[in-house]
Amino acid sequence: MKLSGCYLLNTLEYDQSKHAPPPHSIPPSSVQDIYGGNFDVRHLETADGLTERHKKGWGLSSLHEHYYLITPKLPEGKVVNKYGEVEKLALTPEDWQVRWGKGHTGFHKSAVNSSLQKYVGELTGGRSEVRVLVPLCGKSLDMIWLVNQGHTVVGVEFAEQPVKELFQENDMTPIVSDVPGLPNGKLYQGGKLSVYCCDFFHFTSAVAGQFDAVWDRASLIAINISDRERYAASITSFLKPDGHYLLETVEYDQNKMNGPPYSTSAQVVEQLYGAKWNIQQLETGDGMTDNARKWGLQWMTKNVHLLSLKP
Ligand SMILES: C[S@@+](CC[C@H](N)C(=O)[O-])C[C@H]1O[C@@H](n2cnc3c(N)ncnc32)[C@H](O)[C@@H]1O
């Protein structure tokens, strides 16, 4: 079996002194003994399987059918991701690079985000020209849209592939340069759009200055849960005192799928940002997508928050 594989098992349990096997009666304890060493055994259901044939032909007064879902035990720190692959629980930026290479980029949208278009006035504080940070930007078209609205946009993305594609696919030829103070980092720049190709956790305001606004879509929710606090601290360090932070999050039953995206409740947003930011929930509603359906989720909620630094 593949490490990401599943085995659905059906067994019978009955009194073998009344009827000679086969089929063999196999109680749940035997299934656990046989498979429990290398597999996680989930007993899904016990159903009454007694029929007239069992009563009259086999002389039985009871027969149970058991159903199990049996999955290989994964090595410590590994999970099965939504693409059915075994992956590390905590992704490194290099793992994201591999995802880009494989085309595992279901998060990329071919249209501009509707929350951004709806709340751009709140994000910019109504100003016609601001400096916007887009952390973990991929090749989001939101950046092109913001530039077309007159704003200066700075994206940060580790993987070089989407950064190159962003410029190519939008008919822009960037100037590519090294960045003092950012070892292994590169800056792709074309007009009012700059994208720093580096690990976000190496990116500081000493390198890029401060911002009037942060647009965060599929960024906080993509970060390893163990990295959320330092991500939030980093975002906070980039904002000017009168700046605004527009944050889109999703919520779903985390037991049904491993992230990213990670389910991020309003309570988590409060825990991460509440000390330094006033948080306004602009919108909460159905966030179900075709992808979420494909991943086996039954519901997904989308929340849009506007954060402003406390005085
Ligand atoms: C879920 S995607 C979202 C992309 C984009 N915000 C969008 O809406 O399409 C997360 C992106 O973050 C990038 N990424 C992950 N960890 C990073 C890190 N530590 N530094 C910079 N980029 C990172 C990934 O390569 C990926 O493109």
Side-chain angles (χ1 to χ4, degrees), residues 81-83 87-117 119-120 123 132-146 153-167 169-170 179 182-188 193-204 207-208 213-235 237-238 245-250 252 257-264 287 289 291-292 295 300 302-304:
N81 69 19
K82 58 184 189 259
Y83 302 106
E87 201 171 54
K88 278 181 276 171
L89 178 59
L91 296 182
T92 62
E94 289 78 8
D95 294 328
W96 281 96
Q97 215 165 18
V98 171
R99 282 189 166 203
W100 274 104
K102 286 183 181 170
H104 285 179
T105 51
F107 51 80
H108 177 70
K109 295 282 173 260
S110 54
V112 178
N113 182 282
S114 57
S115 306
L116 173 64
Q117 294 182 72
Y119 299 114
V120 70
L123 175 66
V132 188
L133 172 66
V134 184
L136 278 63
C137 61
K139 55 173 183 174
S140 168
L141 291 176
D142 300 350
M143 293 188 282
I144 306 290
W145 184 80
L146 282 164
V153 175
V154 175
V156 185
E157 169 58 50
F158 182 81
E160 207 160 0
Q161 179 186 330
V163 180
K164 287 183 174 161
E165 288 174 1
L166 172 72
F167 284 91
E169 290 167 8
N170 291 285
V179 185
L182 198 58
N184 306 320
K186 275 191 188 153
L187 170 61
Y188 283 69
L193 174 63
S194 305
V195 182
Y196 287 85
C197 200
C198 65
D199 185 340
F200 181 69
F201 293 110
H202 297 162
F203 185 70
T204 62
V207 170
V214 173
W215 165 232
D216 184 322
R217 184 256 161 195
S219 308
L220 169 66
I221 61 173
I223 283 280
N224 295 323
I225 291 176
S226 55
D227 288 329
R228 277 177 173 174
E229 280 183 17
R230 63 184 182 128
Y231 175 86
S234 176
I235 294 285
S237 73
F238 283 115
Y245 173 17
L246 189 62
L247 168 65
E248 195 179 271
T249 55
V250 291
Y252 63 89
M257 184 184 87
N258 292 306
Y262 295 100
S263 178
T264 308
T289 60
N291 272 339
W295 304 330
M300 187 178 254
K302 184 180 86 174
N303 298 320
V304 184

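Note that ligands are numbered from 1 as they come in the structure, with each ligand's atoms numbered from 1 the same way.
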Note to self: Applying the side-chain hydrogen bond (donor to acceptor under 3.5 Å, both in side chains) criterion to Gln161, which one of Glu165, Glu157, Lys164 satisfies it?
What the structure shows: Glu165
Notebook entry, point to check: Can you tell me how far the CG atom of Asp227 sits from the CG atom of Leu220, to the nearest 0.5 Å?
Noted result: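 Answer for the CG-CG pair, Asp227 versus Leu220, is 11.0 Å.
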Pairwise, report which nitrogen or oxygen atoms of ligand 1 are under 3.5 angstrom from protein nitrogen or oxygen atoms, and how far apart they are.
| unit_1 | atom_1 | unit_2 | atom_2 | d |
| --- | --- | --- | --- | --- |
| ligand 1 | 6 (N) | Leu136 | O | 2.8 |
| ligand 1 | 6 (N) | Arg217 | O | 2.8 |
| ligand 1 | 8 (O) | Arg217 | O | 3.3 |
| ligand 1 | 8 (O) | Arg217 | NH1 | 2.6 |
| ligand 1 | 9 (O) | Arg217 | NH1 | 3.3 |
| ligand 1 | 19 (N) | Asp199 | OD1 | 2.9 |
| ligand 1 | 20 (N) | Phe200 | N | 2.8 |
| ligand 1 | 22 (N) | Phe158 | N | 3.1 |
| ligand 1 | 25 (O) | Trp100 | NE1 | 3.3 |
| ligand 1 | 25 (O) | Glu157 | OE2 | 2.6 |
| ligand 1 | 27 (O) | Trp100 | NE1 | 2.9 |
| ligand 1 | 27 (O) | Glu157 | OE1 | 2.7 |
| ligand 1 | 27 (O) | Glu157 | OE2 | 3.3 |

Note to self: Angle between ring planes, Phe200 versus Phe238, binned at 30° and 60°: parallel, tilted or perpendicular?
What the structure shows: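 Phe200 vs Phe238 ring planes: tilted.
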Next item on the list: Would you please classify the geometry between the Trp96 ring and the Phe107 ring as parallel, tilted or perpendicular, with 30° and 60° separating the classes?
Entry: perpendicular
Check: Are any non-hydrogen side-chain atoms of Val153 and Asp142 less than 4.5 angstrom apart?
Finding: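 A side-chain contact under 4.5 Å is absent here.
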Next item on the list: For Glu169, enumerate each residue passing the salt bridge (Lys or Arg N to Asp or Glu O under 4.0 Å) test, keeping only those at least two apart in sequence or located in another chain.
Entry: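 Checked Glu169 against salt bridge (Lys or Arg N to Asp or Glu O under 4.0 Å); matches are Lys139.
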